[in-house]
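Heads up, the thing below is written out as structure tokens.
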Amino acid sequence: MSAILNNPEELKKLFPVKMHYLYFNFAADGPLPVPSKNALCQALDELSLEGMMAVNKQIAIYENIREELAILFQSQPEHFAFIKNTSEGVLLALLALDIREGENYVVAEDAFPTTIRMMESNCKGEMRKIKITSPLPVQDQVINVIDKKTRAIVLDWVHFFTGKIVDLEAIIPLAHSKNIFTIIDGIQGAGAVSIDLDKSGIDFF
């Protein structure tokens, strides 16, 4: 697979849609690559013929995915869990911190809208907002709003709309120096920008 990933022409063959379109841009929805289509067809055949996929086979698939993710993100397989979507993952991480009234957490008001709405509806504590798209560096904005009651900093790694990359190497040490947890929405950068999760110091990715 690595040989294919390093060869644009071979990679293009994995997406038959490219035979008809010169350009496509999808986020939450998009065309399936051939290997994914084949895996889905195989799973449907098993469901049709056997009634269900054997549990041990399901577990093996999950473990294989964890191993692949560990390579992609330079981490350990046991560090990965399966979540329905990114917004839910961010929310679960924030809820796990059990932020109380009188405490606060920092978010980017221009982050993915669904994530912001879910936090506003489900989390206690004060939501303090900064802007990823501001000309002022994110770390400077964070310094201006955190205090001794700040429990978490929640940020997009790569901004969903502009593509601006947040300087995690500036944010993470700052947060840890203040005993603040970091929750990073990595979906827009995952696979496109390299990251070493084990060395990054990110608490939830």
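The distance from atom CD1 of I184 to atom CD1 of I202, rounded to the nearest 0.5 Å, is 5.5 Å. Here the straight-line distance linking atom CD of Q76 with atom CD of E67 works out to 11.5 Å at 0.5 Å rounding. To the nearest 0.5 Å, atom OG of residue S177 and atom CD1 of residue I172 are 11.0 Å apart. To the nearest 0.5 Å, atoms CG (N64) and CD (E68) are separated by 5.0 Å. To the nearest 0.5 Å, atoms CG (L168) and CG (L174) are separated by 12.0 Å. With rounding to the nearest 0.5 angstrom, the CZ atom of F205 is 13.5 Å from the CD1 atom of I183.
Within 6.0 Å of NZ on K37 lie no more than 12 heavy atoms contributed by other residues, nucleotides or ligands. More than 12 non-hydrogen atoms from other residues, nucleotides or ligands lie less than 6.0 angstrom from CD1 of I195. Within a 6.0 Å sphere centred on CD of E88, heavy atoms belonging to other residues, nucleotides or ligands number more than 12.
If you chain together hydrophobic residues whose side chains sit under 4.5 Å apart, V90 and I99 fall into the same group. Each of M119 and L95 belongs to its own hydrophobic cluster when Ile, Leu, Val, Met, Phe, Trp and Tyr are linked at side-chain heavy-atom distances under 4.5 angstrom. Clustering ILVMFWY residues whenever any of their side-chain heavy atoms sit less than 4.5 angstrom apart, transitively, puts V154 in a cluster other than the one holding I146. By the rule that hydrophobic residues join a cluster once side-chain heavy atoms approach within less than 4.5 Å of another member, I116 and F161 end up as members of separate clusters. Residues L11 and L72 do not share a hydrophobic cluster, clusters being chains of Ile/Leu/Val/Met/Phe/Trp/Tyr side chains in contact below 4.5 Å.
Listed for the K164 side chain is a donor-acceptor partner under 3.5 Å among the backbone atoms of I132. For the pair N104 (side chain) and V106 (backbone), a donor-acceptor distance under 3.5 Å is absent. At distances below 3.5 Å, not a single donor-acceptor pair connects side-chain atoms of S75 with backbone N or O atoms of D198. Side-chain atoms of Q58 come within 3.5 Å of backbone N or O of M53 as a donor-acceptor pair.
By the 30° and 60° cut-offs, the orientation of the rings of F112 relative to F160 is perpendicular.
Minimum interatomic distance between T182 and G201 (heavy atoms only, all atoms of both residues): OG1-O, 4.1 Å. Across every non-hydrogen atom of K124 and Y105, the tightest pair is O-CE2, 3.5 Å. The shortest non-hydrogen separation linking R66 to P77 is CD-O, 3.2 Å. Pairing each heavy atom of I153 with each of A175, the nearest pair is CD1-CB, 3.9 Å. S87 and M118 get closest at one heavy-atom pair: CB-SD, 3.5 Å. Shortest non-hydrogen contact noted between V158 and G189 is CG2-CA, 3.7 Å.
With sequence neighbours excluded, the residues satisfying salt bridge (charged side-chain N to carboxylate O under 4.0 Å, His left out) with E46 are K57. D147 meets the salt bridge (charged side-chain N to carboxylate O under 4.0 Å, His left out) test with R128; sequence neighbours excluded.
For the pair K199 and Q74, the minimum side-chain heavy-atom distance is 4.5 Å or more. You'll find the side chain of F181 reaches within 4.5 Å of the side chain of R151, heavy atoms only. Looking at heavy atoms from C-beta onward, I130 lies out of side-chain contact with L136 at the 4.5 angstrom threshold.
Annotation: ring-ring contact (aromatic ring centres under 6.0 Å, His included) contacts involving residues 30-58, sequence neighbours excluded, are absent.
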> Should K178 and T150 be marked as a side-chain contact (heavy atoms from CB on, under 4.5 Å) after you check the CA-CA gap, both sets of side-chain angles, and the distance that decides it?
Replying inline: CA-CA 9 Å; K178 306 290 185 181; T150 305; over 6 Å; no

>> Before you tell me yes or no, could you show the steps for S200 and L197 under side-chain contact (heavy atoms from CB on, under 4.5 Å), namely the whole-Å CA-CA distance, both residues' side-chain angles and the distance that decides it to 0.1 Å?
In response: CA-CA 5 Å; S200 71; L197 277 186; 4.1 Å; yes

>> Before you tell me yes or no, could you show the steps for D203 and H176 under side-chain contact (heavy atoms from CB on, under 4.5 Å), namely the whole-Å CA-CA distance, both residues' side-chain angles and the distance that decides it to 0.1 Å?
In response: CA-CA 10 Å; D203 296 300; H176 287 178; 3.3 Å; yes

>> For T114 and T86: C-alpha separation, side-chain torsions, deciding distance, then whether side-chain contact (heavy atoms from CB on, under 4.5 Å) applies.
In response: CA-CA 10 Å; T114 303; T86 308; over 6 Å; no

